[in-house]
Structure formats: structure tokens, C-alpha cells
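Because only heavy atoms are used, hydrogens play no part in the values below, and waters and symmetry mates are left out as well, while side chains stay in. The chains referred to below are lettered A, B, ... by the order of the sequence lines, with proteins before strands, and numbering in each begins at 1.
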Amino acid sequence: MKIATFNINGIKARVTALTDWLDEAQPDVVLCQEIKSVDEAFPREPFDERGYNVETHGQKGFNGVAILSKHPLEDVMRGLPGDETDEQARWIEATVVGEHDALRLCGLYLPNGNPAPGPKYDYKLAWMERLEARARALLAAEMPAMMAGDYNVIPQPEDVHDPKAWEDDALYLPQTRAAFHRVVNLGFTDAFRVRNAAPAQYTFWDYQANAWPRNKGIRIDHMLLSPQAADMLVDCRIDKEIRDRDKPSDHVPVWVELDL
DNA sequence: ATGACTTGAGCATCAAGA
């Protein structure tokens with residue numbers, strides 16, 4: 001089963017770019033971030049036509065996550081547990097059933113956190129604590145699970161074109177990376193890194209200052225696998241070519257092939 | 001260089017992104 005994560009930066013502006021990529025890449029499941037739409041306004045038809053079930057967790061203007069799946073989605077859960085007052089739409093979970101096994105899938109859009117320090121950075125760190133708690137619960141269930149999406153975390157120096165330029169940024173601060181590694185170190189596998197050890201493998205390039213042609217990117221979209229899911233990993237790649245097309249998102253898709 | 005682009009909201013500009 002081919003499962004992808006893709007921060008699309010606005011579903012209404014990205015329908016053509018997304019459907020073109022779906023038709024080529026033929027993923028079974030796509031976790032989308034930054035749909036920037038309320039649920040009622042999400043354009044379902046292009047995805048219905050292609051055989052995808054659509055589950056959304058949106059809000060007006062910003063954030064918002066969704067799952068597109070050619071397989072049925074069960075037990076859909078919206079919102080990251082741990083703070084009833086949090087109104088930002090950044091988490092969606094569902095179970096997808098494969099040929100041999102079922103997989104618990106979590107699509108996430110982790111807060112950016114800039115400027116740091118400040119209230120936005122406090123929110124990011126608090127959100128990451130809730131993420132760690134959810135990750136522990138998923139591991140305790142001992143079923144295959146994947147948490148994938150836009151983490152807004154640059155894990156290591158080799159994941160950024162110029163580490164020096166990012167050292168005060170909320171995506172790369174030591175506290176941010178430590179919080180990310182605390183989650184990984186519970187027993188998750190960074191699917192891309194176990195399949196590709198090369199530096200400078202990016203998933204985001206800013207629209208500004210010719211970042212893409214200069215390859216001034218960062219790797220912030222990640223797919224973390226529980227031990228049971230890691231045993232199913234066949235491949236993981238970044239579809240960076242589509243950053244070259246008309247009206248691209250500033251992120252590109254990352255996908256895994258799982259023997260599920 | 002706190003710049004440059006892009007999106008959504010909503011109709012002139014501004015917030016937010018990373």
C-alpha cells in the first residue's frame with residue numbers, strides 16, 4: 001500500500017496540481033495538510049471521481065488536515081487529544097485495512113512556532129508534548145501505526161541547506177529538535193532516513209528569493225513508523241520534481257510503500 | 001537586508017506561513 005503525506009497549501013488553489021500528481025503517483029492514501037478550508041467547502045468531486053474517500057478536519061482560512069483514501073477509513077478521530085480549548089485543526093486519525101493487517105494512520109500539521117521565543121513557540125512546544133502522549137498511547141496499542149505530516153521540525157543539520165541561517169528559527173531550535181527526538185526515541189522510525197542517508201533531501205522550498213532553483217530547502221515533512229509498521233516498510237521517497245510545475249505548493253509529497 | 005512570494009478572506013489590504 002502506497003501512503004503519502006503532502007502539505008498542499010490551500011486545497012482550492014491546488015486541485016489541479018493535486019489531481020495531476022494523484023493520477024501519476026497513484027497513492028492509495030494521502031494525508032493532506034494546510035487545506036485552509038472548512039469541511040463544507042472542501043472540493044470533494046475531483047477525489048470522489050478518482051475513487052478516494054475523503055475525511056476532513058478543517059477550519060476557516062488556516063490550517064486544516066484531510067485524508068484521501070481508496071480504501072475504507074474506520075474510526076476517524078479529529079483533533080489531537082490533551083487540550084479541550086485548542087481550536088486549531090491540525091490532527092486527524094483513522095484506521096485503514098490492508099490485505100494482511102490494519103494500520104492506524106495519523107495526519108498532522110505541527111505548529112510553526114515562529115517567532116521564538118513567544119506565545120506561538122509556547123504553543124508549539126505544548127502541542128509537541130501532547131504529540132508525545134498520543135505517540136505513547138499508539139505504541140501501547142501494539143498495532144501498526146504511522147504519524148505523518150508537516151512536522152515543522154528540521155531534525156538534523158543535514159536536513160537544511162544552511163544550518164547557521166536557521167539556528168534561531170522555531171523549526172530548528174535545540175528545544176524543538178529535542179522534543180521531536182523524544183517522540184522518535186520512544187520507538188518510531190523516520191521512514192525516509194532509513195531508506196536514504198544522503199544529505200540535502202528536502203521537502204520544502206520557500207516561494208521567495210528563488211529558494212527552489214537554488215535548492216535552499218529544508219526537510220520538515222516526515223513519516224514516523226511504529227515498530228510494527230516499520231517491519232512493513234518497503235520504500236520511502238520524496239516526489240520533488242513536482243515543485244517545478246505551475247502553481248506548486250511550497251511543499252512536495254513524501255510517500256511510503258508498506259507491505260500491509 | 002525582518003526584504004522577497006503565495007494563500008485566504010473579502011474587496012483594500014492584511015495575517016500567516018517557514
Return the 5'-most residue of the pair N7(A), P248(A) with respect to DNA chain B, ranking by each residue's nearest nucleotide.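 Checking each residue's closest nucleotide, the 5'-ward one belongs to P248(A).
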Identify, between N112(A) and V38(A), the residue whose nearest nucleotide on DNA chain B lies closer to the 5' end.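 Nearest-nucleotide comparison on DNA chain B picks V38(A).
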Does a salt bridge link R219(A) with D190(A), judged by any charged N lying under 4.0 Å from a carboxylate O?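 D190(A) and R219(A): salt-bridged.
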Inspect the contact between K216(A) and D162(A) and indicate whether a charged nitrogen and a carboxylate oxygen are less than 4.0 angstrom apart.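 No, this pair does not count.
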Using a cut-off of 4.0 Å on non-hydrogen atoms, how would the nucleic acid contact of [X] be classed: base, sugar-phosphate, or nothing?
X	value
K120(A)	sugar-phosphate
D150(A)	sugar-phosphate
Y109(A)	sugar-phosphate

Can R130(A) and D86(A) be said to form a salt bridge (Lys or Arg N to Asp or Glu O under 4.0 Å), step by step? CA-CA 11 Å; R130(A) 290 160 59 199; D86(A) 185 3; 2.8 Å; yes
[atom1] atom, [N] versus [M]: distance in rounded Å?
N	M	atom1	answer
dC14(B)	dG10(B)	C1'	11 Å
dG8(B)	dA18(B)	P	14 Å
dA1(B)	dT13(B)	P	30 Å

Please tell me if [X] has a side-chain N or O lying less than 4.0 Å from either OP1 or OP2 of [N].
X	N	result
K12(A)	dT6(B)	no
N114(A)	dA18(B)	no
K36(A)	dA9(B)	no
R14(A)	dT6(B)	no

Once you round it to whole Å, what is the distance between P of dT2(B) and CG of D206(A)?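 Between P of dT2(B) and CG of D206(A): 16 Å.
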When you measure only distances, ignoring hydrogens and angles, does the side chain of D169(A) come within 3.5 Å of the base of dA18(B) through a donor and an acceptor?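 Answer is no: no donor-acceptor pair is held.
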